[in-house]
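Here the structure is laid out as structure tokens; the discussion comes afterwards.
Quick note on labels: first sequence line is chain A, next is B, and so on, each numbered from 1. Computed from a prediction, not measured in an experiment: that's the story for all the values here.
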Protein chains: 2
Amino acid sequence: MKLTTKGRYAVTAMMDLAIQSSASPVALEEISGRQDISQSYLEQLFALLRRAGLVEGIRGPHGGYQLARDVNEISIAEVIAAVDENIDLTCGNGSSCSGDADPCLTHGLWTTLSEQIYNFLHGIKLGELIKSPEVLKITQKREVGRVADIPVHLQVGNIN
Amino acid sequence: MKLTTKGRYAVTAMMDLAIQSSASPVALEEISGRQDISQSYLEQLFALLRRAGLVEGIRGPHGGYQLARDVNEISIAEVIAAVDENIDLTCGNGSSCSGDADPCLTHGLWTTLSEQIYNFLHGIKLGELIKSPEVLKITQKREVGRVADIPVHLQVGNIN
DNA sequence: TAATTCCCGACTGTTTTAGTCAGGATTGTT
DNA sequence: AACAATCCTGACTAAAACAGTCGGGAATTA
């Protein structure tokens, strides 16, 4: 599972959708404005999200996008997987490591880590994230000081 | 955090070093042959690893590289950090999210995930990994926790 | 019919990845 | 001292991914 800004954009956009998802669809232009993401880029991302069955597009005036499922049935892992389509972690990039006969030294490590990250992200649904006080507030209300222990470049995405 | 083949190469090479680390240094040519990684590319990676203080280079015939510390004092997180030095500082790529006033929607999510992954990888040392297959069981027990499961006092980061 | 919106494919500039290459600098062996 | 092994450095490259841009459709509502 890859964790890039692309996936972050996707998650951010989906959260925006989830927040606005009262009844009427949300146009990309709105999301673009609110989240400061290029509209054309959003179109690319939503093409992927739609193909993954996570959103539905509605054309015409007052059209836009809607979540295809309930906010509590869409996990962050799914969103990221939809746009970061590179799933295979071929360890030896073409070498002998196919996990069968002669797994490379770190094979187990990466598969395990992958699972861990997936589980973590799969356990978080859009619905939880948008009603933060519980989820986000926890992550925001913390003791100061220990973040410095984590090298900046190890931090997923950006933190500031 | 970027989990790319680059970091995997680095970890694989370090594991090879750790396994061979009896007394004499290990030449890159050997690692290149055993792990099927281009020697020139290895030289680049080891330049970074050396600057990070993880290995020591010994020149001349029968030279090579040695771990700079005990195998049980080098974590996977450090190895990856040494080569994947990339920092992506802009949460909203130039937008308002600086973590201060108006953190973007997913700010807390990425911060927390970062910590989880870091903790996971920092908890695994080279010494453990080379002692497979016990390691796999161990690493599987080490779970990346869910947001809600993290004790508040352990949660760090910046706050809006 | 016209405006709005999704939809789609092709194109571009930059960065990263994964190397190659050419040449040092240092050191052990003969 | 000569030589070979090895690290060390910097510059270069091809391919891919990232982050868009652009132009033109197709569907739908007013």
Side-chain angles (χ1 to χ4, degrees), chain A residues 2-10 12-13 17 24-33 35-52 54-66 68 80 83-95 153 157-158, chain B residues 1-10 12-13 17 24-33 35-52 54-66 68 80 83-95:
Chain A
K2 277 197 312 184
L3 300 169
T4 68
T5 51
K6 194 178 182 182
R8 232 169 26 231
Y9 278 153
T12 303
L17 248 195
S24 54
V26 180
L28 290 190
E29 194 185 12
E30 298 175 44
I31 301 180
S32 171
Q35 306 303 335
D36 201 29
I37 306 173
S38 136
Q39 184 173 343
S40 306
Y41 198 33
L42 274 181
E43 283 181 352
Q44 282 186 20
L45 298 181
F46 271 83
L48 296 169
L49 293 170
R50 194 172 56 85
R51 269 167 233 159
L54 296 177
V55 297
E56 286 168 359
I58 293 159
R59 305 205 224 190
H62 303 109
Y65 282 96
Q66 281 176 334
I80 293 178
V83 299
D84 277 339
E85 56 214 293
N86 182 17
I87 315 161
D88 65 341
L89 38 132
T90 55
C91 274
N93 63 310
S95 83
H153 40 281
N158 28 0
Chain B
M1 153 142 59
K2 297 193 311 179
L3 299 170
T4 69
T5 51
K6 193 178 183 181
R8 262 204 320 266
Y9 279 152
T12 303
L17 249 195
S24 54
V26 180
L28 289 190
E29 194 185 13
E30 298 176 43
I31 301 181
S32 171
Q35 306 302 334
D36 200 29
I37 306 173
S38 135
Q39 184 173 343
S40 305
Y41 196 33
L42 275 181
E43 283 181 350
Q44 283 186 19
L45 297 181
F46 271 83
L48 296 169
L49 294 170
R50 194 172 57 85
R51 269 167 232 160
L54 297 176
V55 297
E56 284 168 1
I58 294 158
R59 305 205 223 189
H62 303 109
Y65 283 97
Q66 281 176 333
I80 292 177
V83 298
D84 273 339
E85 57 208 296
N86 180 35
I87 317 164
D88 191 3
L89 276 171
T90 53
C91 222
N93 68 308
S95 82

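Per the geometry, CD1 belonging to B:Ile58 stands 11 Å off C1' belonging to C:dT27, to the nearest Å. In this structure, A:Gln39 atom CD and D:dG23 atom C1' are separated by 14 Å, rounded to whole Å. Going from atom CG of B:Leu49 over to atom P of D:dT9 covers 13 Å, rounded to whole Å. Between the OH atom of A:Tyr41 and the C1' atom of C:dC11 there is a distance of 16 Å, given to the nearest Å. A:Leu45 places its CG atom 16 Å from the P atom of D:dA17, with the value rounded to the nearest Å. Computed from coordinates, the B:Phe46 CZ to D:dT6 C1' distance equals 13 Å when rounded to whole Å. Between the CD atom of A:Glu29 and the C1' atom of C:dC6 there is a distance of 13 Å, rounded to whole Å. Atom pair B:Lys6:NZ and D:dA17:P shows a separation of 16 Å (rounding to whole Å applied).
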Checklist entry - Can A:Glu30 and A:Tyr65 be said to form a side-chain contact (heavy atoms from CB on, under 4.5 Å), step by step? => result CA-CA 11 Å; A:Glu30 298 175 44; A:Tyr65 282 96; over 6 Å; no

Checklist entry - Where do B:Val83 and B:Tyr9 land on the side-chain contact (heavy atoms from CB on, under 4.5 Å) test, with the steps shown first? => result CA-CA 10 Å; B:Val83 298; B:Tyr9 279 152; over 6 Å; no

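As judged by a 4.0 angstrom heavy-atom cut-off over every strand, B:Ala47 is placed among residues making no nucleic acid contact. Residue contacts for A:Val26: at a heavy-atom cut-off of 4.0 Å it reaches the sugar-phosphate backbone alone, with no base atom in range. Residue contacts for B:Gly63: at a heavy-atom cut-off of 4.0 Å it reaches the sugar-phosphate backbone alone, with no base atom in range. Among the protein residues, A:Ser38 comes within range of the sugar-phosphate backbone only, with heavy atoms under 4.0 Å from sugar or phosphate atoms but none that close to a base.
Under a cut-off of 6.0 angstrom, the local environment of CD in B:Gln39 is crowded, with over 12 non-hydrogen atoms contributed by other residues, nucleotides or ligands.
In terms of phosphate contacts, A:Arg50 brings a side-chain nitrogen or oxygen within less than 4.0 Å of OP1 or OP2 of C:dC8. Put simply, B:Arg59 has no side-chain N or O that comes within less than 4.0 Å of OP1 or OP2 on D:dA5. Under 4.0 angstrom from either OP1 or OP2 of C:dC7 there lies at least one side-chain N or O belonging to A:Tyr65. Between B:Arg8 and C:dT17 there is no side-chain N or O to OP1 or OP2 distance below 4.0 Å.
Nucleotides of DNA chain D nearest to A:Gly7 and A:Glu43 differ in position, and the one nearer the 5' end is that of A:Gly7. Each of A:Arg51 and B:Gly60 lies near DNA chain C, and the nucleotide nearest A:Arg51 is the one positioned closer to the 5' end. For B:His62 and A:Pro61, each mapped to the nucleotide of DNA chain D holding its nearest heavy atom, the one lying further toward the 5' end belongs to B:His62.
Side-chain proximity of A:Ala27 to the nucleotides C:dT5, D:dT9, D:dC18 is greatest for C:dT5.
One can find a donor-acceptor pair under 3.5 Å joining the base of C:dT20 and the side-chain atoms of B:Gln44.
Two residues are said to be in side-chain contact when any heavy atoms from C-beta on lie closer than 4.5 Å; B:Lys6 and B:Leu45 meet this criterion.
For the residue pair B:Ile58 and B:Gln66, the shortest heavy atom distance occurs at CD1-OE1, 3.4 Å. Considering every non-hydrogen atom in both B:Ser32 and B:Ser38, the closest pair reads OG-C, 4.1 Å.
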